[in-house]
Enquirer: 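Dropping a structure here in structure tokens format, bear with me for questions.
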Number of protein chains: 2
Amino acid sequence: MKADGRSRRETSRPMSKPETADPGPVEVFAALGDPTRLSLLTKLSDGQTRSIAMLSADTKLTRQAVTKHLHVLERAGLVKSIRVGRESQFGYRPGPIIEARSYLDRVSVQWDEALARLKALVER
Amino acid sequence: MKADGRSRRETSRPMSKPETADPGPVEVFAALGDPTRLSLLTKLSDGQTRSIAMLSADTKLTRQAVTKHLHVLERAGLVKSIRVGRESQFGYRPGPIIEARSYLDRVSVQWDEALARLKALVER
DNA sequence: GCAAAAGGCAACCTTTTGGTTGCCTTTTTC
DNA sequence: GAAAAAGGCAACCAAAAGGTTGCCTTTTGC
């Protein structure tokens with residue numbers, strides 16, 4: 001019989017949060033601000049659902065690294081995962097991208113309006 | 001006479017890059033993925049140019065922290081700065097936001113097309 | 001011409017990130 | 001019913017991020 005199931009260090013940390021609602025633009029942008037994650041997401045945006053093994057196949061990273069990135073995307077609401085059999089299938093979720101896009105739109109609009117006002121002022 | 005102009009540690013690091021052309025979407029998203037930076041940028045997108053002192057006035061951060069964030073935004077091409085007199089004025093630059101937006105558009109479009117194909121397949 | 005305002009620079013420090021490795025559990029497949 | 005495939009979990013590590021402080025230079029305003 002073994003003394004303990006756990007092997008490595010013994011530090012004990014609480015960690016983890018519920019966080020179900022979809023996060024604001026900042027977190028979405030942060031999630032998009034990494035090359036690996038951005039490419040995972042664009043891959044998944046073709047509508048096909050993929051397993052972790054599939055997604056880690058064409059990177060030089062380990063499966064675990066990819067898993068972490070997928071979790072970041074998931075916490076940002078950009079993908080969802082469901083466990084089917086022995087694998088978990090990841091799929092794209094359009095919501096946050098739409099929101100992010102409209103955030104950028106608002107910024108652009110604010111800028112355009114400022115320009116328009118300036119131009120109007122100069123031309124009068 | 002003082003022995004040396006420099007005071008603290010003496011480590012010597014090279015650092016810094018030229019990097020003039022505007023960076024890809026990843027760096028832009030990364031720059032947007034921080035609350036301080038996002039708010040600085042939306043503030044500046046009203047077209048008004050502002051000094052560092054002005055921009056750090058309404059945050060709890062130090063001027064230096066704000067300066068760093070501004071430099072990140074600048075390296076991402078999102079703002080430009082010109083030194084005028086004793087202050088440096090920061091202004092919004094629309095380019096990268098437009099690009100980022102169209103990147104998100106492409107992702108959305110790819111998703112929409114996938115959905116459309118799926119629907120067509122199911123309905124036939 | 002001097003004090004105050006605005007910044008730049010660089011050293012430090014702490015927390016987060018991005019990534020790896022080891023090992024255990026659950027499904028599949030022969 | 002075992003071996004192999006797919007993952008999960010947690011510890012660990014190095015590097016990058018975010019922030020602060022100290023001090024020096026340049027402009028501006030009397």
Side-chain angles (χ1 to χ4, degrees), chain A residues 1-17 26-27 29-41 49-57 59-76 79 81-90, chain B residues 1-17 19 26-27 29-40 49-57 59-76 79 81-90:
Chain A
M1 185 198 276
K2 283 209 283 148
D4 188 9
R6 215 164 284 87
S7 52
R8 296 281 198 104
R9 201 57 32 84
E10 197 76 32
T11 333
S12 125
R13 286 184 298 176
M15 282 278 103
S16 127
K17 274 187 292 183
V26 174
E27 293 153 74
F29 289 135
L32 299 175
D34 172 278
T36 306
R37 275 180 325 245
L38 196 55
S39 92
L40 284 171
L41 191 72
T49 179
R50 290 169 177 82
S51 71
I52 296 182
M54 277 187 210
L55 291 167
S56 9
T59 60
K60 308 118 215 92
L61 300 178
T62 56
R63 172 181 57 91
Q64 288 304 339
V66 173
T67 300
K68 283 194 183 177
H69 283 301
L70 287 169
H71 286 340
V72 172
L73 289 172
E74 191 167 29
R75 280 198 300 278
V79 307
S81 72
I82 50 172
R83 189 74 186 254
V84 39
R86 77 176 141 181
E87 54 191 23
S88 30
Q89 292 289 339
F90 279 80
Chain B
M1 183 196 278
K2 281 209 284 149
D4 188 9
R6 217 165 284 85
S7 51
R8 297 280 197 102
R9 200 58 31 87
E10 196 75 33
T11 333
S12 126
R13 286 184 297 178
M15 281 280 102
S16 129
K17 276 188 291 184
E19 208 74 30
V26 174
E27 292 154 75
F29 289 135
L32 299 175
D34 172 277
T36 306
R37 269 169 342 234
L38 197 54
S39 92
L40 285 170
T49 179
R50 290 169 178 82
S51 71
I52 296 182
M54 278 187 208
L55 290 167
S56 8
T59 60
K60 308 116 214 98
L61 300 178
T62 55
R63 172 182 57 91
Q64 288 305 338
V66 173
T67 301
K68 283 194 184 178
H69 283 302
L70 287 170
H71 286 339
V72 172
L73 290 172
E74 192 167 29
R75 280 197 301 277
V79 306
S81 73
I82 49 171
R83 188 74 185 255
V84 38
R86 77 176 141 178
E87 54 192 23
S88 32
Q89 292 288 337
F90 281 79

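Computed from a predicted model, the values in this text were never measured in an experiment. Chain letters run A, B, ... following the sequence lines, proteins first and then strands; every chain starts at 1.
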Enquirer: List every contact pair, protein side and nucleotides 27-30 of chain D side both N or O, where the distance is under 3.5 Å.
Expert:
unit_1 : atom_1 : unit_2  : atom_2 : d
D:dT27 : O3'    : B:Arg86 : N      : 3.4

Enquirer: Mind checking side-chain contact (heavy atoms from CB on, under 4.5 Å) for B:Ala65 and listing every partner two or more places apart, or none if nothing turns up?
Expert: B:Leu61, B:Thr62

Enquirer: Using the test side-chain hydrogen bond (donor to acceptor under 3.5 Å, both in side chains), find all partners of B:Thr49 that sit at least two apart in sequence or belong to another chain.
Expert: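 Scan of B:Thr49 (side-chain hydrogen bond (donor to acceptor under 3.5 Å, both in side chains), adjacent residues dropped) gives B:Gln89.
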
Enquirer: Would you mind classifying the nucleic acid contact of B:Ala53 as base, sugar-phosphate or nothing, using non-hydrogen atoms under 4.0 angstrom?
Expert: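 Result for B:Ala53 = sugar-phosphate.
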
Enquirer: So does B:Thr62 get a side-chain nitrogen or oxygen closer than 4.0 Å to the phosphate oxygens (OP1/OP2) of D:dG19?
Expert: no

Enquirer: Measure the distance from CG on B:Leu55 to C1' on C:dA5 and round it to the nearest whole Å.
Expert: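 Whole-Å distance recorded here is 16 Å.
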
Enquirer: Quickly work out the B:Glu27 CD to D:dA16 C1' distance and round it to whole Å.
Expert: 15 Å

Enquirer: I need the CZ-P distance between B:Arg75 and D:dA17, as an integer number of Å.
Expert: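 Value for this atom pair: 8 Å.
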
Enquirer: If only side-chain N and O atoms of B:Ser88 are considered, is one of them under 4.0 Å from the OP1 or OP2 phosphate oxygen of C:dG8?
Expert: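 It does, given that an N or O in the side chain of B:Ser88 lies less than 4.0 Å from OP1 or OP2 of C:dG8.
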
Enquirer: Can you find a side chain N or O atom of B:Thr67 that sits less than 4.0 Å from OP1 or OP2 on C:dG7?
Expert: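 Indeed not, no polar side-chain atom of B:Thr67 lies that close.
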
Enquirer: Just jot down the side-chain contact (heavy atoms from CB on, under 4.5 Å) partners of B:Ala76, sequence neighbours excluded, or say none.
Expert: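 Counting only residues at least two positions away or on another chain, B:Ala76 forms a side-chain contact (heavy atoms from CB on, under 4.5 Å) with B:Ala31, B:Leu78.
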
Enquirer: Starting at the 5' end of DNA chain C and moving along, which residue's nearest nucleotide shows up first, A:Leu61 or B:Ser51?
Expert: B:Ser51

Enquirer: Under 4.0 Å, heavy atom to any atom of DNA chain D: which of residues 33-41 of chain A qualify?
Expert: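 Those residues whose heavy atoms fall under 4.0 Å from DNA chain D, taken from residues 33-41 of chain A, amount to none.
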
Enquirer: Please report the distance, rounded to the nearest Å, between CG in B:Leu70 and P in D:dG19.
Expert: 12 Å

Enquirer: In whole Å, I'd like the distance from the CZ atom of A:Arg63 to the C1' atom of D:dA4.
Expert: 14 Å

Enquirer: Compare side-chain N and O positions of A:His69 against OP1 and OP2 of C:dT17 and report whether any pair is under 4.0 Å apart.
Expert: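 A:His69 to C:dT17 OP1/OP2: no side-chain N or O under 4.0 Å.
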
Enquirer: Which residues pass the side-chain contact (heavy atoms from CB on, under 4.5 Å) test with B:Val26, sequence neighbours left out?
Expert: A:Pro35, A:Leu38

Enquirer: Under the rule for side-chain hydrogen bond (donor to acceptor under 3.5 Å, both in side chains), what residues qualify as partners of A:Ser81, not counting sequence neighbours?
Expert: A:Glu74

Enquirer: Under the side-chain contact (heavy atoms from CB on, under 4.5 Å) rule, what do B:Lys68 and B:Gln64 come out as? Steps first, then yes or no, please.
Expert: CA-CA 6 Å; B:Lys68 283 194 184 178; B:Gln64 288 305 338; 5.8 Å; no

Enquirer: B:Leu40 and B:Leu70: which non-hydrogen atoms are nearest, and at how many Å?
Expert: CD1-CD2, 4.1 Å

Enquirer: Quick one: A:Gln64 CD to C:dC24 C1', roughly how many Å, whole number?
Expert: 12 Å

Enquirer: Whole angstrom is fine here: how far is it from NE2 in B:His71 over to C1' in C:dG8?
Expert: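 Taking NE2 of B:His71 and C1' of C:dG8, I get 8 Å after rounding.
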
Enquirer: To the nearest angstrom, how far is A:Glu74 atom CD from D:dG8 atom P?
Expert: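 Distance check: A:Glu74 CD to D:dG8 P gives 10 Å.
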
Enquirer: Who passes side-chain contact (heavy atoms from CB on, under 4.5 Å) against B:Ser88, sequence neighbours left out?
Expert: B:Ile52, B:Arg83, B:Phe90

Enquirer: Tell me whether B:Arg37 contacts the main-chain N or O of B:Ala30 through its side chain, where contact means a donor paired with an acceptor under 3.5 Å.
Expert: yes

